[in-house]
Amino acid sequence: MTIHVIGAGMAGLAAAHALATQGHAVTLHEATPGAGGRARALPDGTDNGTHALIGCNTAALGFLDAIGARQYWVQPEPGGLPVHDCADGSSRLVALSPAGWWNGARRPAGISWGGVLAMMAMALPLRDRTIAEAMAAHPAFLRGFVDPLVIAALNTPSAEASTRRLGQVLRKLGAPGAARLFVASRGLGPDLVDPALAVLETAGAEYRPGSRLRAIQVKEGRASSLTFQDQDVMLGEADRVVLALPPWEATRMLPGLPAPDSFAPIVNLHFAFQPGGEVRFLGLLGALCQWVLIRPGGVAVTVSAGDAEAEQDVEELAPRAWAEILAAVRAFHVPGDWPVAPPPCRVIKERRATPRQRPGPIPAPPRRPLANLALAGDWTWPDLPATIEAAICSGQAAAREILR
């Protein structure tokens with residue numbers, strides 16, 4: 001029996017790992033030259049964006065443990081997230097967990113008891129509406145804490161984002177340590193993707209980059225063959241397939257699958273500046289930049305739900321972003337010889353980065369739409385928004401399903 005895993009993003013890597021380490025023959029196909037999916041969209045294979053995990057991402061953190069990579073992930077801001085407000089110039093450290101707000105110095109801007117109760121009410125899956133509606137009586141707390149959380153977790157503006165979807169995140173944040181923030185000290189490539197591929201190689205899996213799936217032939221409720229750009233693979237009676245592709249590709253292969261059909265962009269800026277020093281992670285309010293990840297070898301900025309920014313070019317975005325970065329690093333005394341003029345900048349626009357998480361039914365494709373094929377991908381995991389955690393959960397679920 002050979003199990004073909006199609007797609008070497010986070011979901012495909014998790015599925016391939018679960019299968020290969022149980023002794024199954026696995027072939028991992030990836031259309032692009034490198035694994036990692038949308039998280040590694042740069043030509044040199046490095047991260048695209050400011051990816052982070054939090055303590056409640058138990059599947060993702062457990063996956064790091066399983067591939068021997070947890071040691072490379074650091075907690076850059078253990079004392080609280082540095083947040084700089086570009087509108088009024090104020091700065092503060094913010095505890096990401098409400099349990100830390102007993103300390104007045106770690107409370108977010110605009111906090112009120114009524115605002116906290118309104119936020120907590122969204123953790124109850126009783127009513128689905130937009131977050132802007134739910135927080136309409138608490139605009140200062142919406143701006144100072146809830147909206148940045150919504151943008152980070154749902155990649156959808158609060159004016160259209162679902163309270164039910166945010167509630168899935170809020171329920172995860174209640175456990176001790178659930179809000180601790182972790183980032184890869186060197187990047188997702190060396191600190192997640194490469195260790196996963198190394199474990200797969202040791203387990204005997206075959207990895208085939210540049211292997212794009214063109215079509216799936218279906219006969220009598222089973223995938224009978226896979227058409228790649230360079231070959232056709234006939235599937236034997238015992239062979240299996242895990243399809244770990246984004247929704248637009250999965251529905252092209254298998255028309256009729258329930259899948260999201262509306263997507264939100266993410267715009268990432270990568271500045272060619274090496275500040276040295278420690279890894280830092282900063283938040284900004286009232287700014288183009290939302291999150292700034294500073295590694296010794298570079299500075300990355302993420303603009304989630306960036307509908308307007310996706311239509312702008314680097315000449316418009318880079319100077320504005322760099323001015324905001326300078327204000328934030330000065331406010332928090334981040335070391336480095338930071339130039340006034342913006343360094344060279346590369347802008348990466350993911351126009352279909354994630355589904356738009358609006359109120360309404362969540363598409364729930366079957367985990368096993370064909371007798372010998374299971375689906376994986378963050379969009380197939382209805383219990384969470386589209387995140388690394390959801391991708392890994394879905395890949396592990398697909399691996400379990402295909403062996404049933």
Side-chain angles (χ1 to χ4, degrees), residues 2-32 34-40 51 53 56-70 168 184 188-189 191-209 211 213 223 226 240-247 249-250 253-254 257 259-260 354-355 363-370 372-404:
T2 298
I3 304 176
H4 297 271
V5 178
I6 313 299
M10 299 300 165
L13 288 172
H17 173 269
L19 295 164
T21 54
Q22 293 184 58
H24 297 285
V26 171
T27 300
L28 176 61
H29 303 267
E30 168 56 36
T32 70
R38 285 166 288 167
R40 295 183 69 202
H51 300 283
L53 297 174
C56 63
N57 295 153
T58 53
L61 294 172
F63 183 65
L64 293 176
D65 286 330
I67 61 175
R70 181 72 174 270
Q168 294 174 322
L188 291 185
D191 296 341
L192 193 163
V193 177
D194 293 345
L197 291 176
V199 171
L200 289 175
E201 182 179 11
T202 300
E206 180 185 1
Y207 172 49
R208 298 193 64 220
S211 178
L213 183 66
L226 305 174
R240 300 287 185 268
V241 179
V242 173
L243 194 66
L245 296 177
E249 286 294 320
M253 301 295 169
L254 298 174
L257 281 177
T354 67
R367 183 64 59 197
R368 194 168 182 167
L370 299 175
N372 59 344
L373 182 147
L375 288 178
D378 54 17
W379 61 280
T380 73
W381 190 254
D383 297 333
L384 284 173
T387 56
I388 291 176
E389 176 78 355
I392 290 175
C393 286
S394 75
Q396 294 170 342
R400 292 191 297 269
E401 179 65 29
I402 206 64
L403 295 176
R404 289 178 56 191

When you measure from the side chain of [X] to the backbone N and O of [Y], does any donor-acceptor pair fall under 3.5 Å?
| X | Y | answer |
| --- | --- | --- |
| Trp379 | Ala364 | no |
| Asn372 | Ala223 | yes |
| Gln168 | Pro382 | yes |

Taking salt bridge (charged side-chain N to carboxylate O under 4.0 Å, His left out) as the test, write out the residues that go with [X], two or more places apart.
| X | result |
| --- | --- |
| Asp191 | Arg186 |
| Glu401 | Arg368, Arg404 |
| Arg400 | none |

Quick one: list whatever passes side chain to side chain contact (heavy atoms under 4.5 Å, CB included) with [X], sequence neighbours left out.
| X | value |
| --- | --- |
| Ala31 | Arg212 |
| Pro209 | Tyr207 |
| Ala244 | Ala11, Ala376 |
| Ala60 | Leu53, Asn57, Ile388, Glu389, Ile392 |

Fill in the blank from the handout: Output for pair (Leu243 CG, Leu213 CG), nearest 0.5 Å, gives 7.0 Å
Can you name the residues that form a side-chain hydrogen bond (donor to acceptor under 3.5 Å, both in side chains) with [X], not counting sequence neighbours?
| X | answer |
| --- | --- |
| His4 | His29 |
| Glu30 | Thr32 |
| Thr380 | Arg367 |
| Gln396 | none |

Handout entry: Asp378 side chain reached by Thr354 side chain, heavy atoms, under 4.5 Å
Key = no
Please report, to 0.1 Å, the donor-acceptor pairs under 3.5 Å made by any side chain of residues 61-70, with sequence neighbours excluded.
{"from": "Asp65", "atom 1": "OD2", "to": "Arg70", "atom 2": "NH1", "distance (Å)": "3.3"}

